[in-house]
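Quick one: this structure, given as structure tokens, is what I'll be asking you about.
Numbered from 1 within each chain, the chains take letters A, B, ... in sequence-line order.
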Protein chains: 2
Amino acid sequence: MDTTQRTDQQRSADRRRRELLEAADRVVLRDGPKASMNAIAAEAGITKPILYRHFGDKGGLYAALAKRHTDALLGALRAALDAPAERRERVEATLDTYLAAIEARPQVYRFLMHPSEGGTPSDQGFDVGAYSFPLLRRMGEELADVIEERVDLGPDSQRLARVWGHGIVGMMHAAGDWWLGERPCSRADLVRALADLLWGRLAAAGDRAGGPGF
Amino acid sequence: MDTTQRTDQQRSADRRRRELLEAADRVVLRDGPKASMNAIAAEAGITKPILYRHFGDKGGLYAALAKRHTDALLGALRAALDAPAERRERVEATLDTYLAAIEARPQVYRFLMHPSEGGTPSDQGFDVGAYSFPLLRRMGEELADVIEERVDLGPDSQRLARVWGHGIVGMMHAAGDWWLGERPCSRADLVRALADLLWGRLAAAGDRAGGPGF
DNA sequence: GGCTACGGTTACCGCAAGTAACACATGAGT
DNA sequence: ACTCATGTGTTACTTGCGGTAACCGTAGCC
């Protein structure tokens with residue numbers, strides 16, 4: 001029970017863990033979300049049981065992997081959110097940061113968000129339902145915190161901020177997902193369109209000819 | 001190759017198919033998304049290969065099942081969208097319809113949206129990545145059509161409408177998902193909060209004390 | 001040298017998707 | 001009445017994954 005020794009062990013374990021995560025990252029990048037535990041273990045140069053010793057089960061590995069990326073992304077988003085500029089600019093910067101991230105590493109993004117869209121119809125892939133949504137939830141909560149902290153919403157501000165946080169994140173996510181798949185326009189266009197939406201342009205727009213509008 | 005006979009066969013097949021889908025629905029409702037093909041077959045009073053003869057693979061069954069629910073939901077949404085009222089009221093009605101649907105049948109909803117959050121961490125459940133997002137996509141496209149058809153957005157209206165359609169659907173989805181999990185407020189409150197967001201209240205709100213706002 | 005502790009492996013279990021090959025009915029053609 | 005094609009169903013299997021138990025080797029400590 002020597003403290004230093006324990007620290008040494010811990011360090012070693014942490015290093016190993018990081019190595020394993022890097023390997024997992026690599027294989028996920030290569031094979032997509034259908035990466036199997038065997039494949040990851042092989043990439044790391046070891047065998048399955050070690051993975052399980054480190055991460056418990058596949059969910060644990062996934063959670064660790066997701067946490068890495070989520071933390072990085074959240075850091076970037078927070079930076080964009082905290083930049084010194086007007087609110088609209090910040091919103092656009094945040095949207096752009098998110099979209100740039102998913103654009104830069106679509107494989108990672110798809111891994112985090114979409115469970116196994118790859119080759120085989122039979123899945124066996126990661127279960128994202130239990131983990132990708134926590135990712136969205138975390139983003140939503142973070143954004144809610146920022147909104148509540150910064151924007152004056154009168155009474156009910158707490159509830160309102162949380163609804164908006166999750167709603168805006170969902171908007172960003174869905175639009176980004178669609179955009180990433182179809183690439184119907186430039187990133188800047190998408191950012192503008194979304195910011196316009198948030199800025200109430202839907203409410204402000206006039207009806208089209210032919211009856212009361214949407 | 002007699003036509004009437006062929007129709008008879010087709011009808012029989014269709015009836016069978018519908019029965020199987022009902023059975024699948026029941027078992028999914030009961031067992032959650034981790035329903036196995038065996039369980040579904042058993043519920044239908046038959047065995048696996050028949051399911052495969054009808055639906056090809058699990059994805060096919062899932063897609064058929066999802067289509068049923070999606071069609072129903074889309075019908076309801078379209079009705080809300082097409083009701084004779086002001087735009088804001090329509091938006092609120094649509095949001096409320098969606099939320100009421102997921103509130104009324106959370107099991108179905110979770111099945112459609114979340115892959116296997118049930119019991120075992122090891123999944124084997126349905127692969128939603130490849131099917132739930134098509135659901136969101138469909139809703140997004142439908143909404144985009146309605147927006148473009150009804151709202152005057154000037155040039156670029158097509159692109160803008162599609163972005164907004166997917167964005168709004170994503171907002172609704174994420175907020176609904178979070179709300180369904182935490183139930184932090186009444187449905188009406190949520191609807192109002194989201195509609196307020198879409199109506200530009202974020203842009204209109206003042207900064208909070210302590211520096212430039214979000 | 002012997003002994004514990006830890007990193008590692010092989011070999012296995014359970015389970016679900018998906019399939020091949022076989023069985024039984026039923027109606028048409030001769 | 002016999003056969004034979006066709007659709008409906010079954011049993012029994014393969015494959016491939018997640019997850020685990022039980023077994024090795026080697027480093028350090030007494």
For this session: Would you kindly check if the NZ (Lys) or CZ (Arg) of R88(A) is within the cone defined by 45 degrees around the ring axis of W199(A) and under 6.0 Å from the six-membered ring centre?
Result: yes
For this session: Would you mind reading off the distance between D31(A) atom CG and dC17(D) atom P, rounded to a whole angstrom?
Result: 11 Å
Exercise. Roughly how many Å is it from NZ in K58(B) to C1' in dT19(C), rounded to a whole number?
Worked result: 16 Å
Exercise. Side chains of V151(B) and R87(B): closer than 4.5 Å at any heavy-atom pair?
Worked result: yes
Problem set entry | Between dA11(C) (P) and I50(A) (CD1): distance, integer Å | 16 Å
For this session: Would you please confirm or rule out a distance under 4.0 Å between OP1 or OP2 of dG9(D) and any side-chain N or O of R16(B)?
Result: yes
For this session: Rounded to the nearest angstrom, tell me the gap between atom OH in Y52(B) and atom C1' in dT10(D).
Result: 16 Å
Exercise. With a 4.5 Å heavy-atom cut-off, do L197(B) and V163(A) have their side chains touching?
Worked result: no
For this session: May I have the distance from Y62(B) (atom OH) to dA16(C) (atom C1'), rounded to whole angstrom?
Result: 18 Å
For this session: Give, ordered by number, those residues of residues 42-49 of chain B having at least one heavy-atom distance below 4.0 Å to an atom of DNA chain C; if nothing qualifies, reply none.
Result: K48(B), P49(B)
Exercise. Can you find a pair of side-chain heavy atoms, one from M37(B) and one from L61(B), that are under 4.5 Å apart?
Worked result: yes
Seminar exercise, completed: In whole angstroms, the gap separating C1' of dA17(C) from CZ of F55(B) amounts to 16 Å
Problem set entry | salt bridge (Lys or Arg N to Asp or Glu O under 4.0 Å) contacts touching residues 157-173 of chain B (sequence neighbours left out) | E182(A)-R162(B), D189(A)-R159(B), E141(B)-R162(B), D156(B)-R159(B)
For this session: Could you check if a side-chain atom of M139(A) sits within less than 4.5 angstrom of a side-chain atom of H166(A), using non-hydrogen atoms only?
Result: no
For this session: Flag the pair R68(A) / D25(A) as yes when at least one side-chain heavy-atom distance between them is below 4.5 Å, and no otherwise.
Result: yes
Exercise. Taking C-beta and beyond as the side chain, do I147(B) and I168(B) meet within less than 4.5 Å on heavy atoms?
Worked result: yes
Problem set entry | Whole-Å distance separating the CZ atom of R53(B) from the P atom of dG9(D) | 9 Å
Exercise. Rounded to the nearest 0.5 Å, how far does CG of L194(A) lie from CH2 of W164(B)?
Worked result: 10.0 Å
Problem set entry | Nearest-angstrom distance from the residue atom CG of D57(A) to P of dC17(D) | 17 Å
Problem set entry | Axis bend over the full length of the helix from dG1(C)-dC30(D) to dT30(C)-dA1(D), computed from five pairs that close each end, to 10 degrees | 30°
